[in-house]
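Below is one structure, written out as structure tokens, with a few remarks after it.
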Protein chains: 2
Amino acid sequence: MSTVGKAISLLEHFTLKEPEIGLSDIARKSGLDKATARRLLVALAERRLIEQEPLSRRYRLGAGLSRLARMRDAHLPFVRVAAPFVRELALETGETVHLSEFSAGALLTVHVELSAKANRVSVDVGQILPLHGTASGIAFLAFSRPETVEACFGKPLTAFTPHTMTSRDKVMEAVRLAAERGYSRSAQGYEEGVHSVAAPILGSDGFPLGTLAVASPVSRIDDAIADSQGQAACEAGRKISAHLTGEQWHASVPLRQR
Amino acid sequence: MSTVGKAISLLEHFTLKEPEIGLSDIARKSGLDKATARRLLVALAERRLIEQEPLSRRYRLGAGLSRLARMRDAHLPFVRVAAPFVRELALETGETVHLSEFSAGALLTVHVELSAKANRVSVDVGQILPLHGTASGIAFLAFSRPETVEACFGKPLTAFTPHTMTSRDKVMEAVRLAAERGYSRSAQGYEEGVHSVAAPILGSDGFPLGTLAVASPVSRIDDAIADSQGQAACEAGRKISAHLTGEQWHASVPLRQR
DNA sequence: AACATCGGTTCATATTATGAACCGAGATGG
DNA sequence: CCATCTCGGTTCATAATATGAACCGATGTT
């Protein structure tokens with residue numbers, strides 16, 4: 001791994017549950033030597049991506065990250081534009097809805113609206129979703145360039161539950177079905193007990209930027225409910241796409257046009 | 001500079017005005033070889049700190065930054081806690097109020113509430129304020145550890161306007177005055193035509209995390225107004241400190257107690 | 001047709017990163 | 001009270017990694 005990769009991997013050890021980490025600890029977690037870890041942390045701290053608590057001498061994520069994230073959000077207002085529609089869809093369906101953005105070969109969860117119900121699916125912002133094992137991933141692939149789809153099969157497909165589709169044929173069949181009806185459907189492919197439907201959010205080039213997914217406990221779902229969730233997700237996805245690209249939104253927008 | 005430092009410096013070339021940059025361009029701006037710049041960008045992209053627009057092949061800040069920033073913000077809700085008080089102070093004074101956080105030897109602007117007046121001071125989130133040349137910096141130094149103050153004089157003091165204090169004695173005198181009355185006051189030390197008063201926001205260890213500043217056009221300010229702004233900023237700063245540290249807020253909190 | 005510039009790649013070379021061993025300071029505990 | 005951990009941090013010979021001049025093919029410009 002490159003030195004830069006190692007440095008960034010250090011950042012990725014800071015989580016919601018463990019927002020501050022000591023030197024020896026992070027060296028152990030990352031598998032790096034203590035001296036190496038420290039040099040990297042110091043380099044990161046010089047650029048404000050890491051801060052050190054002066055008293056405990058523990059490290060945490062730095063203010064520079066907030067600064068850079070603000071730059072990005074100002075320019076690429078994906079979450080800002082989509083958030084109201086995500087909320088609307090969550091209210092309409094009564095289920096947890098999450099928004100994902102494609103990045104580096106996977107989908108990154110960037111926004112979540114939790115269901116108001118007691119028995120609900122919980123999703124964390126920041127969670128990384130594989131393309132082959134989630135409704136979001138299938139919806140994304142269904143509208144992606146052939147190269148993107150192909151790249152997904154470059155590595156063996158990990159099974160997350162006994163229900164995960166791990167053969168290329170099964171995945172492609174799901175993709176074909178999703179392309180046909182506009183949304184994908186997946187039950188327990190990534191987490192036990194979770195049913196999801198997902199629709200793509202298309203950019204100005206007609207290819208997906210990310211996805212929108214409705215996640216419910218499997219016990220609450222039948223075909224009719226799934227289909228109505230799917231329709232609603234599609235419509236919300238189209239609205240978001242339209243707002244992002246500045247184009248007029250047509251109720252009967254064709255699914256694929258090239 | 002370390003390889004990691006170079007990689008992060010690449011990130012810092014993306015600004016609000018130039019959110020996407022081509023390879024040759026960023027290599028030129030950063031003074032790195034094109035091959036080097038590309039390797040670093042690829043390493044950053046693998047970890048999602050950078051994205052490449054597939055069509056134009058230009059680079060931009062990646063979704064991983066949003067993810068990391070959210071982790072940080074969830075844990076360190078500085079802005080979230082302070083924002084209501086910043087707004088309140090802006091309404092009370094009728095002037096632009098900005099909030100800064102100390103990081104790597106300078107103050108980083110993390111939140112701004114603009115004045116409703118037509119003739120107002122404009123401040124950008126993300127702006128970096130030097131300790132010696134701004135009201136915020138002086139207020140920060142006035143409550144900092146002696147080592148922190150000393151470190152500020154390690155390098156020559158840059159003059160930003162003809163009014164910038166560049167001698168150690170002048171700065172220390174301003175610091176002494178600020179420590180005495182609880183807030184700092186500075187006119188045109190960083191930008192021409194701008195008058196500021198600032199108060200510190202103290203962490204649980206009694207030392208400042210950042211500052212709160214009221215910025216006005218010099219033409220609107222006299223001693224009485226400046227003092228009332230100063231008092232208001234102090235009080236707002238104390239309220240924010242109290243909320244951050246979970247401590248009870250006392251109207252007559254001593255300025256320095258060690 | 002000639003020229004410039006773009007993003008991207010190659011590979012011998014030189015700089016840089018690495019980590020075992022080592023500090024001193026606090027905890028821990030028998 | 002001494003022995004023993006573990007902590008954050010440092011050193012320096014060694015090993016790995018980063019570097020950049022030269023080069024590609026593609027895409028404008030003049």
Side-chain angles (χ1 to χ4, degrees), chain A residues 1-14 18-62 103-105 145 147-148 150-151 154 205 207, chain B residues 1-14 18-62 103-105 145 147-148 151 154 203 205 207:
Chain A
M1 192 190 302
S2 70
T3 309
V4 173
K6 286 174 205 158
I8 300 171
S9 78
L10 286 183
L11 294 177
E12 292 168 350
H13 283 93
F14 296 90
E18 194 172 20
E20 299 196 345
I21 315 184
L23 172 59
S24 298
D25 208 11
I26 199 167
R28 235 174 289 117
K29 282 182 213 292
S30 61
L32 297 172
D33 186 87
K34 207 167 39 142
T36 301
R38 193 175 127 78
R39 267 181 314 97
L40 297 177
L41 287 168
V42 167
L44 290 165
E46 273 167 7
R47 301 310 189 126
R48 293 179 233 264
L49 300 200
I50 282 283
E51 293 170 348
Q52 187 176 26
E53 179 70 32
L55 297 97
S56 67
R57 295 189 159 182
R58 284 147 64 88
Y59 297 87
R60 72 163 99 95
L61 296 174
S103 181
R145 293 181 169 82
E147 312 91 84
T148 310
E150 213 42 54
D205 56 1
F207 292 102
Chain B
M1 192 192 304
S2 69
T3 308
V4 173
K6 285 173 205 157
I8 301 171
S9 78
L10 286 183
L11 294 177
E12 291 167 351
H13 283 93
F14 297 89
E18 194 172 19
E20 299 195 345
I21 315 183
L23 173 58
S24 298
D25 207 11
I26 199 167
R28 237 176 288 116
K29 280 181 213 293
S30 60
L32 297 172
D33 186 87
K34 209 170 35 146
T36 301
R38 192 175 126 80
R39 268 182 314 100
L40 297 177
L41 287 168
V42 167
L44 290 165
E46 274 166 7
R47 300 309 190 129
R48 295 179 236 267
L49 300 199
I50 283 283
E51 294 170 348
Q52 187 175 26
E53 179 69 33
L55 296 96
S56 67
R57 295 191 161 183
R58 283 147 65 89
Y59 297 87
R60 63 160 174 253
L61 296 174
S103 181
R145 292 182 170 81
E147 311 92 81
T148 310
D205 57 359
F207 292 102

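Letters A, B, ... mirror the listed sequences (proteins, then strands); counts begin at 1.
Note on A:Arg58: nothing from the nucleic acid sits closer than 4.0 angstrom, heavy atoms only.
An OP1 or OP2 oxygen of C:dC6 is reached within less than 4.0 angstrom by a side-chain nitrogen or oxygen of B:Arg28. Taking 4.0 angstrom as the limit, A:Tyr59 places a side-chain polar atom (N or O) nearer than this to OP1 or OP2 of D:dG9. Phosphate proximity of D:dG8 to A:Ser24: present, with a side-chain N or O under 4.0 Å from OP1 or OP2. For D:dG9, one of the phosphate oxygens OP1 or OP2 lies less than 4.0 angstrom from a side-chain nitrogen or oxygen of A:Arg38.
Atom pair B:Ile26:CD1 and C:dT5:C1' shows a separation of 17 Å (rounding to whole Å applied). Rounded to whole Å, atom P of D:dC7 lies 16 Å from atom CD of A:Glu20. Per the geometry, CG belonging to A:Leu41 stands 11 Å off C1' belonging to D:dG8, to the nearest Å.
Between B:Asp25 and B:Glu18, the closest side-chain pair of non-hydrogen atoms falls below 4.5 Å. When side chains are defined from C-beta on, B:Thr3 does not count as touching B:Thr36, because their heavy atoms never get closer than 4.5 Å.
Out of C:dG7, D:dG8, C:dC6, the shortest distance to the side chain of A:Gln52 is found at D:dG8.
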I'd like a table of atom pairs between the protein and nucleotides 24-29 of chain D - only N or O on both sides, under 3.5 Å - with the distance next to each one.
none

- Query: For every nucleotide of nucleotides 13-20 of chain C, 5' to 3': is a protein heavy atom under 4.0 Å from its base (B), only from its sugar-phosphate (S), or from neither (-)?
  - Reply: ---SSBBB

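Between the A:Glu51 side chain and the A:Arg60 main chain, no donor and acceptor come within less than 3.5 Å of each other.
Ion pairing of A:Glu53 with A:Arg58 is absent here, as no side-chain N (NZ or NE/NH1/NH2) approaches a carboxylate O to less than 4.0 Å.
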